[in-house]
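A short worksheet on the structure shown next.
For clarity, every value in this text was computed on a predicted model and none was experimentally measured.
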Amino acid sequence: SEENKEYSSLKEKERSGIEEIHRLLARAGDKYEDEDGFTRISQAGEYIKRVKPDFDVRTYGFKKLSDLISAFPKKYETRREKSSFYYRCR
């Protein structure tokens, strides 16, 4: 399946960690979403750092949180506006 492909490059430990990140992204979405249901990625990143201070997206093989989110198109819809990146959970 498409989702299995998304996870296939992750090791088991990374996979369980990334599941936690997906849960935190969903929680950040609930807290900070705009009227269209989109959340600014910078707000989500700040939220994740507050609740999980050791979070580093590079642990999962991504340079930026937006790269991680973009790697899971079955989980997230994305949108760019000027210099901001937004996502919402599917």
Side-chain angles (χ1 to χ4, degrees):
S1 86
E2 194 70 29
E3 191 140 313
N4 288 343
K5 237 191 297 185
E6 293 170 345
Y7 284 101
S8 63
S9 63
L10 298 174
K11 295 181 191 80
E12 190 60 39
K13 185 177 178 212
E14 292 171 345
R15 195 172 298 150
S16 65
I18 209 162
E19 281 303 325
E20 180 184 9
I21 301 310
H22 289 314
R23 283 192 299 277
L24 292 172
L25 284 166
R27 203 170 305 145
D30 290 342
K31 284 176 145 328
Y32 301 111
E33 70 184 9
D34 64 17
E35 64 277 353
D36 296 323
F38 281 89
T39 302
R40 188 184 304 225
I41 198 162
S42 57
Q43 287 181 301
E46 289 166 13
Y47 172 76
I48 291 172
K49 280 297 231 183
R50 270 198 312 278
V51 299
K52 187 175 171 55
D54 63 337
F55 172 68
D56 185 343
V57 72
R58 294 171 298 186
T59 302
Y60 308 100
F62 299 97
K63 284 185 180 169
K64 301 180 296 192
L65 188 55
S66 59
D67 295 336
L68 184 151
I69 288 172
S70 296
F72 293 91
K74 295 276 188 200
K75 282 190 175 291
Y76 306 105
E77 182 178 348
T78 60
R79 174 178 96 194
R80 281 195 187 279
E81 239 175 64
K82 298 180 185 143
S83 62
S84 296
F85 183 91
Y86 295 81
Y87 75 95
R88 80 173 156 200
C89 298
R90 293 189 186 272

Next on the checklist: Looking at Lys64, I'd like to know if its NZ atom is crowded, meaning that more than 12 non-hydrogen atoms belonging to other residues, nucleotides or ligands lie closer than 6.0 Å.
Outcome noted: no

Over 12 non-hydrogen atoms of neighbours within 6.0 angstrom of CZ in Arg58:
no

query = Less than 4.5 Å apart, any side-chain heavy atom of Ile18 and any of Phe72?
reply = yes

Euclidean distance, [Y] [atom2] relative to [X] [atom1], rounded to 0.5 Å:
X: Glu33; Y: Phe38; atom1: CD; atom2: CZ; value: 10.5 Å
X: Tyr86; Y: Ile41; atom1: OH; atom2: CD1; value: 11.5 Å
X: Arg40; Y: Glu81; atom1: CZ; atom2: CD; value: 8.0 Å
X: Leu25; Y: Thr39; atom1: CG; atom2: OG1; value: 9.0 Å
X: Asp56; Y: Lys49; atom1: CG; atom2: NZ; value: 6.0 Å
X: Tyr60; Y: Asp67; atom1: OH; atom2: CG; value: 15.0 Å

Taking every non-hydrogen atom, the tightest pair across [X] and [Y]:
X: Leu24; Y: Tyr47; result: O-CE2, 3.8 Å
X: Phe85; Y: Ile69; result: CE2-CG2, 4.2 Å
X: Cys89; Y: Ala26; result: SG-CA, 3.8 Å

For Tyr87, the ring-ring contact (aromatic ring centres under 6.0 Å, His included) test, sequence neighbours excluded, returns Tyr76

Backbone N/O of Ile48 and side chain of Arg27: donor-acceptor pair under 3.5 Å: no

With a 3.5 Å distance limit and no angle check, can you tell me whether Arg88 reaches the backbone of Asp36 through a side-chain donor-acceptor pair? yes

